[in-house]
Amino acid sequence: MPELPEVETIARGLDPLVRRRTIAKAEILWERTVDARSIPLETLRGDSIESVGRIGKFLAIGLRSGRTLTVHLRMTGRLTVAKKDTHVPYERLALVFEDGDKLSFADARKFGRIRLLDEVSSDVLGVGIDALSQSLDAAAFGSIVRKRTTPVKALLLDQKRIAGVGNIYANEALFRARIRPRRPAGRLSARERSALLAALRRVLLRAIESRGSSVDDYVDAEGLPGDFQKKLNVYGRAGLPCRRCRTPIKRIVLGQRGTFYCPACQR
DNA sequence: ATCAGCACCTGTTGGC
DNA sequence: TGCCAACAGGTGCTGA
């Protein structure tokens with residue numbers, strides 16, 4: 001479910017809600033929610049939250065002890081704050097605070113993972129340069145794309161190279177840059193590369209302004225949906241007329257993911 | 001290096 | 001109405 005704009009929205013919303021709160025205990029309701037490489041969550045007792053940030057699609061909860069708790073929402077994860085005794089549907093893990101509230105992680109499909117680490121970095125998390133990083137410039141983007149035969153859309157989705165882009169925004173950025181998803185990445189012209197990088201930034205930033213896309217069930221830290229789904233040009237619009245040229249939007253499968261594009265606008 | 005296929009899970013939706 | 005297959009904002013592993 002959540003990609004960079006949704007995770008960023010959650011981080012911003014969550015930060016003021018959990019800052020400075022002290023953890024009384026972690027309640028684990030589905031064991032596999034805790035990453036096998038995690039420091040045991042019992043050690044969270046007495047620690048407190050300093051801030052909430054984002055690395056790629058990971059939420060990074062900075063703790064007083066200097067450690068970091070990372071949360072990956074995968075498809076259906078949700079993080080919300082509630083009273084300790086509130087029943088949260090599909091709750092898999094809860095950080096109960098000393099003040100009687102809890103930070104609840106709910107996840108219908110159980111794909112989400114939480115991990116407590118001494119030190120975080122994009123390297124430890126296995127992700128590449130953040131899609132909104134200033135250092136992702138033409139040169140850096142060029143070296144990622146260069147000589148690759150893989151379809152450009154698959155490259156955008158590869159978290160080890162560029163972190164944060166998921167299926168919605170990969171489709172949308174390619175539409176905006178007028179590039180077909182199957183084009184081998186290495187065969188894009190310099191002009192197309194710069195159009196794509198600009199489109200990617202623009203789409204992600206505008207999605208953050210809209211507080212993300214709620215296509216199905218995404219909600220932010222306050223339980224509110226985003227608005228960007230109203231502005232999507234291709235994602236989920238198979239058969240509907242292109243907003244630019246009225247040609248029906250096509251759906252193909254690429255790398256096992258639904259892929260949408262306008263056969264007239266995108267070359 | 002790359003890629004298809006499958007695994008992990010559950011809920012929703014659309015077709016017959 | 002009911003059943004079943006297809007599909008879902010993600011990622012990791014295996015084997016060709």
Side-chain angles (χ1 to χ4, degrees), chain A residues 1-11 29-37 54-59 70-79 89-93 105-115 122 125-128 131 144-175 181-187 200 203-204 206-208 210-220 224-239 251-260:
Chain A
M1 117 184 160
E3 307 181 30
L4 187 154
E6 290 76 31
V7 178
E8 180 68 27
T9 300
I10 292 167
L29 293 94
W30 178 254
E31 291 289 340
R32 298 176 66 179
T33 293
V34 182
D35 188 292
R37 299 161 295 181
R54 177 190 65 76
I55 299 174
K57 296 178 195 171
F58 289 86
L59 283 150
T70 62
V71 179
H72 199 301
L73 303 166
R74 294 284 181 98
M75 296 291 270
T76 50
R78 288 183 181 190
L79 272 182
Y90 307 110
E91 184 170 73
R92 309 300 180 196
L93 189 144
F105 175 73
D107 184 18
R109 289 179 71 180
K110 302 176 174 174
F111 288 167
R113 292 293 178 265
I114 291 180
R115 181 181 178 189
S122 48
L125 297 179
V127 301
I144 288 168
V145 166
R146 198 175 127 254
K147 288 188 65 184
R148 315 208 119 268
T149 59
T150 192
V152 59
K153 186 192 172 218
L155 196 73
L156 292 177
L157 291 176
D158 184 349
Q159 302 300 300
K160 289 182 179 57
R161 304 187 192 282
I162 298 175
V165 185
N167 204 25
I168 293 182
Y169 301 109
N171 279 296
E172 295 298 315
L174 287 165
F175 172 80
R182 276 206 223 272
R183 289 275 302 283
R187 288 203 211 124
L200 187 60
V203 164
L204 293 172
R206 292 197 55 214
I208 291 171
S210 297
R211 309 177 53 79
S213 300
S214 294
V215 170
D216 191 18
D217 58 0
Y218 157 76
V219 291
D220 68 12
L224 303 170
D227 276 329
F228 198 71
Q229 67 280 4
K230 298 168 190 161
K231 297 171 187 161
L232 298 177
N233 285 303
V234 286
Y235 181 83
R237 302 194 69 244
R251 178 186 190 277
I252 59 171
V253 175
L254 203 168
Q256 287 88 247
R257 314 297 305 279
T259 298
F260 304 85

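Note on naming: letters A, B, ... go to the chains in the order of the sequence lines (proteins, then strands), and numbering restarts at 1 for each one.
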note: A:L73, atom CG; B:dT10, atom P; distance rounded to Å ~ 18 Å

- Is there a donor-acceptor contact under 3.5 Å from the side chain of A:S214 to the main chain of A:G226? yes

Contacts of A:E8 meeting salt bridge (Lys or Arg N to Asp or Glu O under 4.0 Å) (sequence neighbours excluded), chain-then-number -> A:R12, A:R54

Stems for DNA chain C (at least 3 consecutive Watson-Crick or G-U pairs, under 3.5 Å) come to B:2-8 with C:10-16, B:10-16 with C:2-8

Taking every heavy atom of A:G128 against every heavy atom of A:A163, the minimum-distance pair comes out as O-CB, 3.6 Å

Atom CH2 of A:W30 and atom C1' of B:dC9 are separated, to the nearest Å, by 8 Å

Stacking between A:F111 and the base of B:dC8 (centre distance under 5.5 Å, interplanar angle under 30°)? yes

From CG of A:L59 across to C1' of C:dG10 the rounded distance in Å is 14 Å

What integer number of Å spans the P atoms of C:dA5 and B:dC6? 15 Å

Under 3.5 Å between N/O atoms: give me all the protein pairs with nucleotides 5-7 of chain B, atom names plus distance.
residue, atom, partner, partner atom, Å
B:dG5, N7, A:Q256, NE2, 2.9

Review point. P atom, B:dG5 versus C:dA6: distance in rounded Å?
Key: 14 Å

Hits for side chain to side chain donor-acceptor pair (under 3.5 Å) against A:E91, two or more places apart or cross-chain, chain-then-number order -> A:K102, A:S104

Are any side-chain N or O atoms of A:Q229 and backbone N or O atoms of A:V215, one a donor and one an acceptor, separated by less than 3.5 Å? no

Here the residues of residues 145-163 of chain A within 4.0 Å heavy-atom distance, strictly under, of DNA chain C are A:Q159, A:K160

Per side-chain contact (heavy atoms from CB on, under 4.5 Å), A:T259 is matched among A:V253, A:V234, A:L254, A:L174 by A:L254

A:R74 has its side chain closest, among C:dT11, B:dT10, B:dC8, to C:dT11

For A:F58, the ring pair (Phe, Tyr, Trp, His ring centres under 6.0 Å) test, sequence neighbours excluded, returns A:H72

Separation of C:dG10 atom C1' from A:E6 atom CD, nearest Å, is 13 Å

Applying side chain to side chain contact (heavy atoms under 4.5 Å, CB included) to A:N167 and not counting sequence neighbours gives A:K153, A:L157, A:N171, A:Y235, A:R257

- Is there a donor-acceptor pair closer than 3.5 Å between any side-chain N or O of A:E6 and the backbone N or O of A:D220? no

| query | Does any non-hydrogen side-chain atom of A:R206 lie less than 4.5 Å from one of A:E172? | reply | no

Under a 4.0 Å heavy-atom cutoff, the residues of residues 229-239 of chain A touching DNA chain C are A:Y235

Sorted by chain and residue number, the side chain to side chain donor-acceptor pair (under 3.5 Å) partners of A:R92 (sequence neighbours excluded) come out as none

Please check the phosphate of B:dC9 (OP1 and OP2 only) for any side-chain N or O of A:R32 closer than 4.0 Å.
yes

### Task
Taking A:E3 for its side chain and A:G164 for its backbone only, find out whether a donor-acceptor pair lies under 3.5 Å.
no

Can a side chain N or O of A:K110 be found less than 4.0 Å away from OP1 or OP2 on B:dT10? yes

When rounded to the nearest 0.5 Å, the distance separating CG of A:L125 from OG1 of A:T70 is 5.5 Å

To the nearest angstrom, the CG-P distance between A:L254 and C:dA8 comes to 13 Å

Smallest heavy-atom separation, A:R237 atom then A:L232 atom, equals CD-O, 3.5 Å

Sorted by chain and number, sequence neighbours left out, side chain to side chain donor-acceptor pair (under 3.5 Å) with A:R183 holds for A:E192

Those residues at least two apart in sequence (or on a different chain) that pass side chain to side chain contact (heavy atoms under 4.5 Å, CB included) with A:A207 are A:P5, A:Y169, A:F228

Whole-Å distance, A:I252 CD1 to B:dA4 P, equals 11 Å

Separation of C:dA6 atom P from A:R257 atom CZ, nearest Å, is 18 Å

*Establish, with yes or no, whether the OP1 or OP2 oxygen of C:dT11 is under 4.0 angstrom from a side-chain nitrogen or oxygen of A:H72.*
yes

Could you list all N or O pairs between the protein and nucleotides 11-16 of chain B that sit under 3.5 Å apart?
residue, atom, partner, partner atom, Å
B:dG11, OP1, A:Y90, OH, 2.9

| Check: A:R109 main-chain N/O paired with A:T76 side-chain donor or acceptor under 3.5 Å | yes

